[in-house]
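Note sheet for the following structure.
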Amino acid sequence: MSKSNISVGLLGWGTVGTGVSKILSGRSDFISQHAGVELRLAKIAKRTLPAFRDGVDIPDGCLTTDPSEVVDNPEIDIVVELIGGVTDSRNLIGKAIRNGKHVVTANKALLAEHGRELFRLADENRVSLNFEASTAGGIPIIKTLRESFAANRIQSLYGIINGTCNFILSQMHEGDVDFEVVLKEAQAKGYAEADPTLDIEGHDAAQKLLLLTALAYGLNAPSDHLHVEGITKITQQDIQYARELGYVIKLLAIGKLNSADRVEIRVHPTLLPTQSLLANVGGAFNAVCVIGDAVGPTLFYGQGAGEMPTASAVVADIIDAGKAISGERGARVSHAWQTDAKPDVSLCPIDDVETRYYVRLVVQDKPGVLAQISSVLGAHRISIASVIQKERYETDETASLVIVTHIATEKNMQFAMKEIDALNVVTGESQLIRIEEEVAF
Ligand code: HSE
């Protein structure tokens with residue numbers, strides 16, 4: 001089937017929706033010439049209608065408050081879901097797919113939770129469900145994993161995929177400022193949400209990582225099986241000790257196939273070597289490093305959020321769906337999201353992960369303390385690589401002890417930390433941060 005003048009309907013008209021409507025209304029001739037697809041913005045459904053939106057030329061009758069004018073509209077070929085949340089978006093996307101419409105979404109939370117069901121529904125109805133904008137905004141990492149790297153066994157991927165956390169940690173590295181202060185500044189500048197919990201506790205990155213690992217490994221891991229830690233406990237002291245040891249702290253989303261054919265999927269603050277490219281991704285920027293067995297190491301860098309970068313990804317998906325409709329790539333669209341296939345790898349529980357660790361302890365500054373701590377580590381087969389001890393604090397006669405370990409098993413490390421925390425000589429809250437040395441570049 002070939003069709004020119006493909007009609008697009010938007011569900012939601014917030015920041016990203018505005019960017020999408022700007023491109024569709026202002027650049028349709030350009031898209032037609034360059035991509036060979038004629039797109040027409042036919043409907044926008046928004047719960048409360050704005051009187052005016054700067055820079056967007058919307059045809060009369062385009063705006064509605066009723067989403068069924070988009071999903072049930074026989075004229076509309078492609079539905080773009082940008083309302084977020086899970087319940088309404090799931091129902092509306094389901095309805096659109098059953099009505100034979102191709103769907104584009106930026107909704108990582110929805111796909112992380114209900115992706116399997118929705119991709120199966122799309123397969124059954126022979127329509128595409130494209131989601132490039134769901135992860136790393138303008139960086140084309142979804143298409144890369146599902147198409148460009150299809151010949152590869154993905155060995156590992158490392159993502160800085162939460163701009164809010166990267167902005168906060170970058171600021172903490174640049175100035176002698178604490179987490180809370182930078183968070184407030186990030187909120188004032190609009191880099192962090194009024195309620196930043198999803199971002200700073202690592203859940204936003206975890207939802208994105210689930211999508212990346214579903215594509216890379218065919219694993220549809222339940223979100224509660226992932227190990228997720230945010231950045232709220234990172235202190236200025238940790239930043240400075242890390243620097244002294246030759247590292248930078250980043251919130252890293254990691255998918256890694258280990259030697260037992262098990263996939264580690266984890267999000268946590270991570271010490272990266274200062275000279276690595278990922279360590280130098282600053283501000284609110286995103287980056288994803290993918291290592292494939294054929295292609296080798298690759299790195300993608302760009303803006304992970306914002307009106308136009310995200311709209312760039314959404315419109316690329318719309319164009320792809322348009323090509324599928326007009327027959328260029330066939331009406332049957334493969335999602336490379338294996339809804340039926342049994343993956344040949346399994347999820348590696350966090351307990352079995354092996355890595356190096358940075359441990360910061362607040363201890364009494366007196367003879368024998370280091371010996372007690374190293375004896376606990378030794379008993380759990382954890383070997384110390386280096387130790388830094390800082391002068392005692394004048395006020396309470398405690399000292400900071402920073403230990404870097406050789407590779408150890410998480411389970412052993414957690415047991416050791418429990419025992420260390422129970423020692424009388426350990427007086428403050430301990431810090432444990434994993435180290436990744438082999439981030440390719
Ligand atoms: N809140 C996200 C971030 C952007 O800080 O990167 C949307 O995914």
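Worth saying up front: this structure is predicted, and the values here are computed from it rather than measured. In listed order, ligands and their atoms are each counted from 1.
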Run the salt-bridge test on [X] and [Y] with the 4.0 Å N-O cut-off and return the result as yes or no.
X	Y	answer
Glu132	Arg146	no
Lys143	Asp320	yes
Arg434	Glu229	yes

Open item on the list: Is the ring pair Phe119/Phe131 parallel, tilted or perpendicular, if the boundaries are 30 and 60 degrees?
Closed with: perpendicular

Open item on the list: If the test is side chain to side chain contact (heavy atoms under 4.5 Å, CB included), which one of Ile291, Leu145, Val263 qualifies with Ile154?
Closed with: Leu145

For a quick test of your reading: what N or O donor-acceptor pairs under 3.5 Å do the side chains of residues 171-181 make, sequence neighbours left out?
residue : atom : partner : partner atom : Å
Gln171  : NE2  : Glu185  : OE2          : 3.2
His173  : NE2  : Ile249  : N            : 3.0
Asp176  : OD1  : Gln240  : NE2          : 3.3

When you pair each N or O of ligand 1 with protein N or O atoms, which pairs come out under 3.5 Å?
residue  : atom  : partner : partner atom : Å
ligand 1 : 1 (N) : Asp199  : OD1          : 2.9
ligand 1 : 1 (N) : Asp199  : OD2          : 3.4
ligand 1 : 5 (O) : Asn162  : ND2          : 3.4
ligand 1 : 5 (O) : Gly163  : N            : 3.4
ligand 1 : 5 (O) : Thr164  : N            : 3.0
ligand 1 : 5 (O) : Thr164  : OG1          : 2.6
ligand 1 : 6 (O) : Gly163  : N            : 2.7
ligand 1 : 8 (O) : Lys108  : NZ           : 2.7
ligand 1 : 8 (O) : Lys208  : NZ           : 2.9

